[in-house]
Protein chains: 2
Amino acid sequence: MFHLLGGTARFNEIRRRVPDVTQRMLTNQLRELEADGLIIRKVYPQVPPKVEYSLSPLGRSLEPVLLALKTWGDANIDLFAQPSDEALA
Amino acid sequence: MFHLLGGTARFNEIRRRVPDVTQRMLTNQLRELEADGLIIRKVYPQVPPKVEYSLSPLGRSLEPVLLALKTWGDANIDLFAQPSDEALA
DNA sequence: CGGTATCCAACAAGATACTG
DNA sequence: CAGTATCTTGTTGGATACCG
């Protein structure tokens, strides 16, 4: 959902921004969010297919939560970072 | 973690506040939070046993997130409520 | 009181191949 | 491009019994 805060995004666009997510799982998650009414899935009937995802009003109502979470994550990113070669050098 | 915002709580106290959680799962979750450094588990060596849980400094740093989430939940509680007999009457 | 230990059915999810 | 379908393994969590 973070990636939809800025507006709409296409499937592979989201996928590129979330490395290590399989296509299957991303599809599942997006469908679940849609079923929960948090995001909107808009299909453009054209070839090649184009599908745009965006936050629904309910999804946007979560913005404060998402931002609070992002703030925390940014402040504590070192907790998740693996010690890199460079950091050790 | 919500239930630790106010201070410390004992095992069965938390359990009572989270209906439908099995003992096994609550134990698992608490141990995981402890392993992640988010809560502190304090055991009092006495009979009968007494174990108190509280937020660690890192856990407390999540307070803004937890509160944002709670605010959202309170505002949207109707989304989760099952239609009761009374509401239908 | 606050757990463990064990068993087991159900579900989740990776890999892979295929499609309009 | 944005998915499905299928197979297969791994993990989750409920039920139940027991413990210091």
Side-chain angles (χ1 to χ4, degrees), chain A residues 1-60 62 65-66 69-70 73 79-82, chain B residues 1-60 62 65-66 69-70 73 79-82:
Chain A
M1 293 188 66
F2 285 100
H3 309 288
L4 298 179
L5 280 176
T8 68
R10 298 185 59 179
F11 185 84
N12 280 339
E13 199 176 335
I14 299 174
R15 209 184 162 187
R16 258 174 269 117
R17 291 203 238 168
V18 188
D20 304 338
V21 70
T22 62
Q23 185 175 50
R24 197 176 101 95
M25 287 315 295
L26 181 55
T27 302
N28 286 351
Q29 303 284 358
L30 289 171
R31 290 292 149 83
E32 197 178 331
L33 288 169
E34 189 194 4
D36 289 344
L38 292 171
I39 66 174
I40 291 169
R41 181 169 179 267
K42 190 167 185 181
V43 182
Y44 295 82
Q46 60 186 38
V47 180
K50 179 179 170 185
V51 181
E52 279 187 349
Y53 294 92
S54 57
L55 290 184
S56 68
L58 182 62
R60 277 195 299 276
L62 267 175
V65 178
L66 295 173
L69 204 47
K70 176 169 167 31
L79 292 175
F80 308 103
Q82 291 301 114
Chain B
M1 295 187 66
F2 285 101
H3 309 291
L4 297 179
L5 280 177
T8 68
R10 299 184 60 179
F11 186 84
N12 280 338
E13 199 176 335
I14 300 173
R15 210 183 161 187
R16 259 175 268 117
R17 292 203 238 167
V18 188
D20 304 340
V21 72
T22 62
Q23 184 177 49
R24 198 175 100 95
M25 287 315 295
L26 181 54
T27 301
N28 285 352
Q29 303 284 358
L30 288 171
R31 290 292 150 83
E32 197 179 330
L33 289 168
E34 188 193 6
D36 289 343
L38 293 170
I39 66 174
I40 291 168
R41 179 169 179 268
K42 190 167 186 180
V43 182
Y44 296 82
Q46 59 185 40
V47 181
K50 179 178 170 184
V51 181
E52 279 188 347
Y53 294 92
S54 57
L55 291 183
S56 69
L58 183 62
R60 276 196 299 276
L62 268 174
V65 178
L66 295 172
L69 203 48
K70 175 167 167 35
L79 291 175
F80 307 103
Q82 289 300 114

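Letters A, B, ... are given to chains in the order of the sequence lines, protein chains preceding strands, and every chain is numbered from 1. All heavy atoms count here, side chains included; hydrogens, waters and symmetry mates do not.
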Side-chain N,O (B/R10) to OP1/OP2 (C/dC1) below 4.0 Å: no
Euclidean distance, atom CG of residue A/D20 to atom C1' of C/dG14 [Å, nearest integer]: 13 Å
Distance, rounded to the nearest Å, where A/Q46 contributes CD and C/dG20 contributes C1': 14 Å
Sugar-phosphate only, base, or nothing, as touched by B/R15 at under 4.0 Å among non-hydrogen atoms: nothing
Between C/dA15 (C1') and A/R24 (CZ): distance, integer Å: 10 Å
Of B/F11 and A/M25, the one whose closest DNA chain C nucleotide lies more 5': B/F11
Under-4.0 Å side-chain N/O to phosphate OP1/OP2 contact, A/T22 with C/dG14: yes
Euclidean distance, atom CZ of residue A/R31 to atom C1' of C/dA13 [Å, nearest integer]: 17 Å
Integer-rounded Å distance: D/dC18 P and B/Q23 CD: 15 Å
Distance below 4.0 Å between A/R41 side-chain N/O and D/dG3 OP1 or OP2: yes
Shortest non-hydrogen separation from B/L58 to B/G37 and the atoms involved: CB-O, 3.6 Å
Non-hydrogen atoms of B/M1 and B/L38 that approach each other most closely: CE-CB, 4.2 Å
Shortest non-hydrogen contact from B/L4 toward B/T8: CD2-C, 4.4 Å
Atom of B/L55, atom of B/I40 and distance for their closest heavy-atom approach: O-CD1, 4.4 Å
A/N28 CG to C/dG14 P, straight-line distance once rounded to whole Å: 10 Å
Enclosure of B/K50 NZ (heavy-atom neighbours >12, cutoff 6.0 Å): yes
Touch class at under 4.0 angstrom, heavy-atom based, for A/Y44 against every strand present: nothing
OP1 or OP2 of C/dG3 under 4.0 Å from side-chain N/O of B/Y53: yes
Distance, rounded to the nearest Å, where A/L30 contributes CG and C/dA13 contributes C1': 16 Å
A/L26 CG to C/dA13 C1', straight-line distance once rounded to whole Å: 14 Å
